[in-house]
Amino acid sequence: MSQNTTDETLDDAARRTLRANDRGGYTVPTSRLYPFQWNWDSAFVAMGFATFDELRAWREIASLLRGQWEDGMIPQIVFHAASDDYFPGPDVWGIARTPPTSGITQPPVLASAARRLLDRAADTGSAEDRMAAIYPCLLRNHRWWQQARDPARTGLVSTLHPWETGMDNSPAWDAALARVPSQTTTPIRRRDTSHVDAAMRPHESEYRRFIHLVDLFRAEGWNAARMLAVSPFRVADIGTNAILLRAERDLLALAARFGTPADAAEITARIAAMQPAIAAQWNAAHGLFLSRDLRDGAPINAATSAGLLPLWAQAATPAQAAAMGATLDRWAARVPFLVPSCDPADPRFEPRRYWRGPIWAVVNWMIAEGLAAGGDAARAGRIRADTARLIREGGLSEYFNPTDGGGIGGRDFSWTAAIHLLLQAG
Ligand code: DGY
């Protein structure tokens with residue numbers, strides 16, 4: 001995409017990108033690099049489609065839910081059709097389902113996306129029918145998060161693989177991942193680095209550990225309790241927990257119309273447990289929230305954009321929100337564009353390497369929504385303007401370099417197209 005593209009052309013390009021990545025009812029994040037349906041990508045894609053094709057938006061959610069497991073888990077990947085462009089494919093996961101899926105999950109944005117579709121629907125009758133059909137799936141999914149990932153009822157759910165956090169090689173996972181052995185029984189056959197510059201992707205040493213965890217969980221038969229017990233990587237990711245808390249609030253609103261008083265009481269109880277647990281992750285020195293390593297119980301000393309997502313969940317006190325604003329100002333003094341995925345003053349900051357520094361439009365959108373809802377219109381506006389400019393000048397890229405604004409990673413990316421459309425829709 002050329003620089004200085006007009007917004008009208010860019011709107012067309014964003015819609016064209018979503019259409020081009022549509023594989024017949026589900027949308028790939030981008031062709032070649034990610035040739036299947038990804039969980040949290042599809043939630044954003046559904047919101048993007050809803051700006052111009054509501055029925056297609058609901059269909060995106062229905063396709064994702066075709067992969068939902070009986071226990072309620074919504075997998076990270078649904079392998080609707082074969083492709084040799086991605087590793088690890090369904091053969092490595094070894095899960096005999098139709099359609100095949102991966103055996104782990106991803107941040108639960110789905111209930112929030114579904115609520116937005118319903119609230120903004122022009123075709124209200126059709127939206128209510130579709131919502132009524134998917135509400136029980138969302139409820140089962142949120143129950144799964146508590147039963148499978150917080151059976152001790154601490155108020156924080158565990159993630160067992162960096163891919164579950166969606167922020168695969170975040171510096172926040174360095175120490176926990178170092179505990180994972182690097183031997184694999186599956187031969188590593190990376191395909192990502194044949195599509196994208198290796199300097200923008202996780203290191204080989206991280207990939208070996210990612211695959212070690214897949215081998216380990218496969219050997220446990222993908223049994224949720226066994227996975228929780230044996231995983232050497234077990235973190236309370238602040239991003240996932242904040243996204244889940246926001247999703248629970250959205251599900252509670254939906255329960256009033258599509259559920260029962262008992263559902264509402266159950267969701268209210270989960271929210272009541274999550275709020276103080278997330279509040280306890282506040283870190284005054286960094287001016288944001290931190291993840292927790294659940295193997296040693298210690299807070300993870302890494303200031304990342306995930307630590308600002310409690311804004312999206314409306315989980316911060318006014319004083320904490322003000323401190324997060326000051327954190328954003330400090331980061332903005334070091335890089336021209338917000339919001340880098342890692343504190344640019346951190347020695348681990350790498351502006352081009354995936355989740356170690358680059359800006360991600362979906363994270364920016366959630367942070368900006370949270371700031372605006374909390375009354376910080378100025379910083380919300382700054383982040384939205386930066387995101388719009390990054391997309392205008394760097395194209396519908398997977399992520400962006402916060403030091404020069406360059407669009408990097410995969411091209412023609414569905415969730416970036418979706419965020420462009422959401423920013424335009426206001
Ligand atoms: C990857 O990059 O391959 C991960 O699967 C993302 O979920």
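Side chains included, hydrogens not; waters and symmetry mates left out as well; all remaining heavy atoms used. Counting starts at 1 for both ligands and their atoms, following the listed order. Heads up: numbering here begins at 1 and tracks the sequence.
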Over-ring placement of Arg190 relative to Tyr207, 6.0 Å and 45° cut-offs: yes

side-chain hydrogen bond (donor to acceptor under 3.5 Å, both in side chains) involving Glu164 - partner list, sequence neighbours excluded: Arg149

Qualifying side chain to side chain donor-acceptor pair (under 3.5 Å) pairs, either residue in residues 305-316, two or more places apart: none

Cationic tip of Arg189 above Phe87 ring, under 6.0 Å, 45° of axis: no

Whether Thr159 side chain and Val235 backbone form a donor-acceptor pair below 3.5 Å: yes

Output block, N or O contacts of ligand 1, threshold 3.5 Å exclusive:
from	atom 1	to	atom 2	distance (Å)
ligand 1	2 (O)	Tyr34	OH	3.0
ligand 1	2 (O)	Asp168	OD2	3.4
ligand 1	2 (O)	Arg201	NH2	3.1
ligand 1	2 (O)	Tyr354	OH	3.2
ligand 1	3 (O)	Tyr86	OH	2.6
ligand 1	5 (O)	Gln76	NE2	3.1
ligand 1	5 (O)	Tyr86	OH	2.5
ligand 1	7 (O)	Trp38	NE1	3.0
ligand 1	7 (O)	Gln76	NE2	3.1

Any residue meeting ring-ring contact (aromatic ring centres under 6.0 Å, His included) with Trp355, in chain and number order, not counting sequence neighbours: Trp360

